[in-house]
Participant: 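Below you'll find the structure I mean.
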Amino acid sequence: MSIEIKNINKSFESKKTDKLSVLEDINLTINDGELICLLGPSGCGKTTLLRLIAGLDQPTSGEIIANGEKVVKPSGDRAVIFQQYSLFPWLTVLQNVTFGLEMTKNVPKEENIAAAERYLTSVGLIDFKDSYPHELSGGMKQRVAIIRSLLNHSPILLMDEPFSALDMQNRHKLQEQLIGVWKRFENTIVFVTHDVDEAVFLADKIVILDKNPGRIAEIIEVNIERIRKRDSPEFIALQESIVEKLDMGD
């Protein structure tokens, strides 16, 4: 599903001034099946833009079109994955992960369980599949919730720094899992991050936002063959180039 962001402005009421402008003149086309990373410093409006695409907030002016329809409210076609996750405390890890899959009647339950177990194995949680959330650490709960989100295949995934609180090893594993899901199901993904390495590894395009107010500073096409290697010369060169751009904007 494609997304058209047209002349978006977003302001909030402020005690210090009449209004606080968070986003200004945002125009962006996200093509069907693209993986876009929104990259920029804290306060540049990345999460605000994601919430507007999700239909959780409304713009002050402008409009967002998703799959040919104006976004005015949340939709099951646009799944939002935030930094904080909630699990059902009365369900086991495996039951939490397969909860949404059980609503898909055209896939046998055994296949859903097998897929869930593969994902849990990949992030080191298969031994905890029969555990309950209160028996897990915070990081483990987060991995369970991310796996659950990845297995519920909405056409559009809106992801707000979902891996930021994880250790590097699990963050890299889940980035690879995300690429695998995206390739298989051809989701359109908008991924918010402040991590340049993550953006270069994941994105077809990196949209760099300036702050005060948030504007699109640059859109970078990432023409590095997947699966990307973080130690390759082209990966390192692009990463360093983007870091320089962000430093210049501070």
Side-chain angles (χ1 to χ4, degrees), residues 1-3 28-42 44 46-47 49-50 53 79-83 115 118-125 139 142-143 145-209 216-249:
M1 289 188 177
S2 62
I3 303 168
L28 180 65
T29 297
I30 302 170
N31 297 316
D32 186 24
E34 274 193 318
L35 200 166
I36 302 293
C37 280
L38 303 179
L39 178 68
S42 297
C44 70
K46 302 186 298 292
T47 294
L49 182 55
L50 199 78
I53 298 170
V80 187
I81 305 171
F82 291 113
Q83 296 176 35
R118 285 197 302 272
Y119 275 69
L120 290 171
T121 298
S122 72
V123 294
L125 290 175
Q142 198 168 36
R143 278 181 274 162
I146 291 169
I147 292 299
R148 183 178 65 186
S149 298
L150 293 180
L151 281 170
N152 289 278
H153 309 295
S154 296
I156 295 174
L157 293 179
L158 307 173
M159 310 183 76
D160 187 11
E161 302 194 52
F163 309 147
S164 60
L166 300 177
D167 62 83
M168 185 178 68
Q169 183 178 6
N170 280 305
R171 187 163 65 246
H172 287 181
K173 284 182 179 179
L174 284 166
Q175 288 168 0
E176 292 169 6
Q177 288 283 354
L178 177 61
I179 293 295
V181 169
W182 172 67
K183 283 185 173 182
R184 181 179 177 188
F185 294 97
E186 301 180 339
N187 313 75
T188 301
I189 298 177
V190 183
F191 191 106
V192 167
T193 183
H194 65 270
D195 185 336
V196 175
D197 175 274
E198 185 167 60
V200 174
F201 184 82
L202 292 175
D204 289 325
K205 292 178 185 174
I206 299 172
V207 179
I208 298 177
L209 295 178
I216 294 178
E218 188 171 353
I219 299 176
I220 299 171
E221 300 267 358
V222 184
N223 297 311
I224 302 175
E225 185 177 354
R226 289 187 174 90
I227 296 175
R228 293 171 182 163
K229 299 184 182 300
R230 289 180 163 86
D231 58 354
S232 70
E234 58 266 48
F235 191 104
I236 294 170
L238 180 56
Q239 188 176 19
E240 291 177 348
S241 172
I242 293 172
V243 169
E244 286 181 9
K245 295 176 191 296
L246 293 172
D247 287 344
M248 289 173 61

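Source: prediction; values computed, not measured.
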Participant: Check step by step if side-chain contact (heavy atoms from CB on, under 4.5 Å) holds for Asp160 and Val80.
Facilitator: CA-CA 8 Å; Asp160 187 11; Val80 187; 5.9 Å; no

Participant: Under the side chain to side chain contact (heavy atoms under 4.5 Å, CB included) test, which residues partner Glu34, sequence neighbours left out?
Facilitator: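 Glu34 satisfies side chain to side chain contact (heavy atoms under 4.5 Å, CB included) with Ile30, Asn31, Ile36, Asp204, Lys205 once adjacent residues are dropped.
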
Participant: Just verifying a value: how many Å separate Ile206 CD1 and Leu39 CG, rounded to the nearest 0.5 Å?
Facilitator: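 Separation between the atoms: 6.5 Å.
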
Participant: So if I apply the ring-ring contact (aromatic ring centres under 6.0 Å, His included) rule between Phe191 and each of Phe201, Trp182, Phe163, which one comes out positive?
Facilitator: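 Of the listed options, the one satisfying the test is Phe163.
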
Participant: Working to the nearest 0.5 Å, report the span between CE of Met168 and NZ of Lys173.
Facilitator: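 Met168 atom CE to Lys173 atom NZ measures 11.5 Å (nearest 0.5 Å).
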
Participant: Just verifying a value: how many Å separate Cys37 SG and Ile220 CD1, rounded to the nearest 0.5 Å?
Facilitator: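 Rounded to the nearest 0.5 Å, the SG-CD1 separation comes to 11.0 Å.
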
Participant: Search all heavy atoms of Arg228 against all heavy atoms of Leu202 and return the closest pair with its distance.
Facilitator: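 Heavy atoms of Arg228 and Leu202 come nearest at NH1-C, 3.7 Å.
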
Participant: Could I get the full list of side chain to side chain contact (heavy atoms under 4.5 Å, CB included) partners for Asp167, not counting sequence neighbours?
Facilitator: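 Side chain to side chain contact (heavy atoms under 4.5 Å, CB included) check on Asp167 returns Gln169, Asn170.
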
Participant: Could you grab the distance from atom CG of Leu178 to atom CG of Leu35, nearest 0.5 Å is fine?
Facilitator: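 Atom-to-atom, Leu178:CG and Leu35:CG are 6.0 Å apart.
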
Participant: Between Arg171 and Ser164, what is the shortest heavy-atom contact and its length?
Facilitator: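 That closest heavy-atom pairing would be NH1-O, 4.4 Å.
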
Participant: List the atom of Glu161, the atom of Thr193, and the distance in Å for their closest heavy-atom pair.
Facilitator: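 Between these two residues, the closest heavy atoms are CG-CA, 3.9 Å.
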
Participant: Using modelled atom types and a 3.5 Å cut-off, is there a donor and acceptor pairing between side-chain atoms of Thr188 and backbone atoms of Ile156?
Facilitator: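 No: the side chain of Thr188 does not pair with the backbone of Ile156.
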
Participant: Grab the two heavy atoms, one from Ile208 and one from Lys245, that are nearest each other, plus how far apart they are.
Facilitator: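 Shortest heavy-atom contact: CD1-CD, 4.2 Å.
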
Participant: Determine whether Leu28 and Ile219 make a side-chain contact, defined as any pair of heavy atoms from C-beta on separated by less than 4.5 Å.
Facilitator: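 When only atoms from C-beta onward are counted, Ile219 and Leu28 do touch, with a gap below 4.5 Å.
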
Participant: Assess whether side-chain contact (heavy atoms from CB on, under 4.5 Å) is satisfied between Leu174 and Ile147, documenting all intermediate values.
Facilitator: CA-CA 8 Å; Leu174 284 166; Ile147 292 299; 3.7 Å; yes

Participant: Answer yes or no: does atom NE2 of His194 have more than 12 heavy-atom neighbours from other residues, nucleotides or ligands under 6.0 Å?
Facilitator: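 Counting other residues, nucleotides and ligands, NE2 of His194 stays at 12 neighbours or fewer.
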
Participant: Which is it for Gln239 and Arg230 under the side-chain contact (heavy atoms from CB on, under 4.5 Å) test, yes or no, and what are the steps along the way?
Facilitator: CA-CA 9 Å; Gln239 188 176 19; Arg230 289 180 163 86; over 6 Å; no

Participant: With Ser232, which residues qualify under side chain to side chain contact (heavy atoms under 4.5 Å, CB included), at least two apart?
Facilitator: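 Testing Ser232 for side chain to side chain contact (heavy atoms under 4.5 Å, CB included), a comparison that skips the adjacent residues, returns Lys229, Glu234, Phe235.
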
Participant: If I compare all heavy atoms of Pro41 with all of Leu209, which pair ends up nearest, and what's the gap?
Facilitator: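 Distance-wise, the nearest heavy atoms are CD-O, 3.6 Å.
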
Participant: Rounded to the nearest 0.5 Å, what's the gap from CD1 on Ile242 to CG on Leu238? Could you check?
Facilitator: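 Ile242 atom CD1 to Leu238 atom CG measures 4.0 Å (nearest 0.5 Å).
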
Participant: CG of Asp231 to CD1 of Ile236: how many Å apart, nearest 0.5 Å?
Facilitator: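 Here the interatomic distance stands at 6.5 Å.
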
Participant: Quick one: closest heavy-atom pair of Lys46 and Cys44, and the distance?
Facilitator: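 What the structure gives for the nearest pair is CG-SG, 3.2 Å.
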
